[in-house]
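Heads up: the structure comes next, in structure tokens.
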Amino acid sequence: MSEDFYDVLGVSADASAEEIKRAYREKATEYHPDVSDEPDAEEKFKKIQKAKQVLTDDEKREAYDRMGHDRYEQAEKHGFDASDAGAGPFGGGAGMGGNPFGGGGMGGGGIGDIFEQVFGGGGGRGRRRPRSGNDLRTELDISLEDAYEGVERQFSFERPTECDTCEGAGHPPSADAEQCPECQGRGQVTQVQQTPLGRVQQTTTCRRCEGEGTLYSETCSDCRGEGYVRDEVTLTVDVPAGIEDGQTLRMEREGAPSPEGGPAGDLLIDVSIAEHEEFEREGDDLHYRLPVSFPQAVFGDEVTIPTLDGSVSFDVPAGTQSGETMRLGGKGMPRLRGRGHGDLFVTVQIVTPESLNEEQRDALEAFAEAGGDEIEVADGFFDRIKRAF
Ligand SMILES: [Zn+2]
Ligand SMILES: [Zn+2]
């Protein structure tokens, strides 16, 4: 909608006042409505004038650099002076749920700010890119089946959004404004600090007015003066097949909006996969425990076992030991990166019967005798079985 003032004049972000004035003279001559034939010359000329007016005024330029184009224009429109410090509602730490990765490390007076103050000569002459909005985090629960197939999922989360009522100003347009007495309207307070590099003047955002330089008689009732509200937003995300528990998906530019007219942050979606009743996952492989009876293990059997791709028949070889593991190639999870699937490992577990009917007991006694086993009945297995019936 609006053009950056540096672009309007065709100068770089760190152009000197001299360069800006020179560029202005050239552009002004080119687009002066009395001279130019271009249809929108007048509008362009006004933009050029405006750009020069802001960029050749040290205070205004500093505010412009700090706030970014859109916010600066908005601030001007709403009539508060350009010393708005831009430590806005969407800045440092406003992210949801603690947001350990939010803010790109620059929010709320972090190390970046200190270095800027120490090395940047107090505010810096060069233009800073408008800071992007905070990253937000949310969680998504899916099933192992979802992770196997890949799934498109709709989900909702809360995102700070500029308050419609006050257009982000935090107060009604009719509110009385007075200069903040704490910072004399500068929006910033300066302290001198002792650091390993010597005495450093540290400028921080005024706490009383939160950097606006102005106090208002009323606050917006819809956002309680914060300038933003939390909106419930519903989005759809593609969860790729093969995703693992604890992995994070990123949706670019779906995080918090930038307080300075920069790009929005990202939305990070932490995916958690519910435990499955039948399968245990280990990377791309799945593990399944197959219960078989003693005769099945002895004689072998063809059984049906579940996989995430439907049931398959499975041969229990004759003479299988309890705890033996067999591999079904390609029946595991799809590989997130790369082709194919992991494997399904089937661990056979021989189930010892907890009770026997009479026929089974006789057969088993006969089996033991035929094998020449001497079982001490008094304390042994058969005795216990007999007592159970
Ligand atoms: Zn103040
Ligand atoms: Zn509001």
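Order of appearance sets the numbers: ligands from 1, and atoms from 1 within every ligand.
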Distance flag, aromatic centroids of His69 and Phe5, threshold under 6.0 Å = yes

request  = May I ask you to say whether Asp343 pairs ionically with Lys331, meaning some side-chain N is under 4.0 Å from a carboxylate O?
outcome  = no

task = Answer yes or no: is there an ion pair linking Lys47 with Glu3, defined by an N-O contact shorter than 4.0 Å?
result = yes

key: SG (Cys183) to the Zn ion (ligand 1) to SG (Cys209) angle, given to the nearest 10 degrees   = 110°

ask   = Parallel, tilted or perpendicular for His287 and Phe345, by the 30°/60° rule?
value = parallel

inquiry  = Taking 2.8 Å as the cut-off, does Cys163 contribute an N, O or S atom near the Zn ion (ligand 2), distance below it?
reply    = yes

Vertex the Zn ion (ligand 2), arms to Cys220 SG and Cys223 SG, rounded to 10° = 100°

